[in-house]
Amino acid sequence: MAYEQEVKGGDISITANGDLSAKIYHIVEIGTDGKVTVANGVGDIPLGVLQNKPKDGEAARVRTAGVSKIVCDGTITVGTHPFVGTSAD
C-alpha cells in the first residue's frame, strides 16, 4: 500500500521549467537555468520527488525528505537503491 509522510522542512518550492503538470511523483533535478525539470538520465543528480502539478513558471513543490510516492518503470526490491534511467515517462 502506497503512503506518504511529509516532514517539517522536507518540501521546497522552486520554479518549474516547462509544463510538469503530468509529472507528479516523478524524480526531479535542478536544471542549468536553476529551475526544476524531470530527471531523465543516469548521470542526473536527483533533487527530490515532485509533489504537485505545476505548469511552466509556476512553483514546483519538491519533497527532499520524508516519504513519497514515486513513479517507476519496474520493480524496486527492498534493500536496493532505485536510480534515474533514460526515460522521463
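The figures here come from the full heavy-atom set of this structure, side chains too, leaving out hydrogens, waters and symmetry mates.
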I would like to know whether Leu20 and Leu50 meet side-chain contact (heavy atoms from CB on, under 4.5 Å); could you show each step before the answer? CA-CA 9 Å; Leu20 301 179; Leu50 186 64; 3.9 Å; yes

Is there a donor-acceptor contact under 3.5 Å from the side chain of Ser21 to the main chain of Pro54? no

Side-chain donor/acceptor of Asn17 to backbone N/O of Ile30, under 3.5 Å: no

Can you sort out the partners of Thr80 under side chain to side chain contact (heavy atoms under 4.5 Å, CB included), two or more places apart, ordered by chain and number? Ile76, Thr77

Value for NZ (Lys53) from CD1 (Ile24), rounded to nearest 0.5 Å, stands at 5.5 Å

Rounded to the nearest 0.5 Å, how far apart are OG1 of Thr37 and CD of Glu29? 6.0 Å

Working to the nearest 0.5 angstrom, can you tell me the gap between Arg63 CZ and Asp11 CG? 4.0 Å

Within-4.5 Å side-chain heavy-atom neighbours: Val62 and Val49: no

Under the side chain to side chain contact (heavy atoms under 4.5 Å, CB included) test, residues paired with Thr15 that sit two or more places apart: Lys35

Approximate separation, where rounding is to 0.5 Å, of Thr64 OG1 and Ile14 CD1: 9.0 Å

Just do the side-chain contact (heavy atoms from CB on, under 4.5 Å) check on Ile27 and Leu47 with the steps written out, would you? CA-CA 7 Å; Ile27 296 173; Leu47 172 66; over 6 Å; no

Verify side chain to side chain donor-acceptor pair (under 3.5 Å) between Gln51 and Ser68, making sure each step is shown before the conclusion. CA-CA 8 Å; Gln51 299 296 304; Ser68 178; 2.7 Å; yes

Here the gap from Ile12 atom CD1 to Arg61 atom CZ, rounded to the nearest 0.5 Å, amounts to 11.5 Å

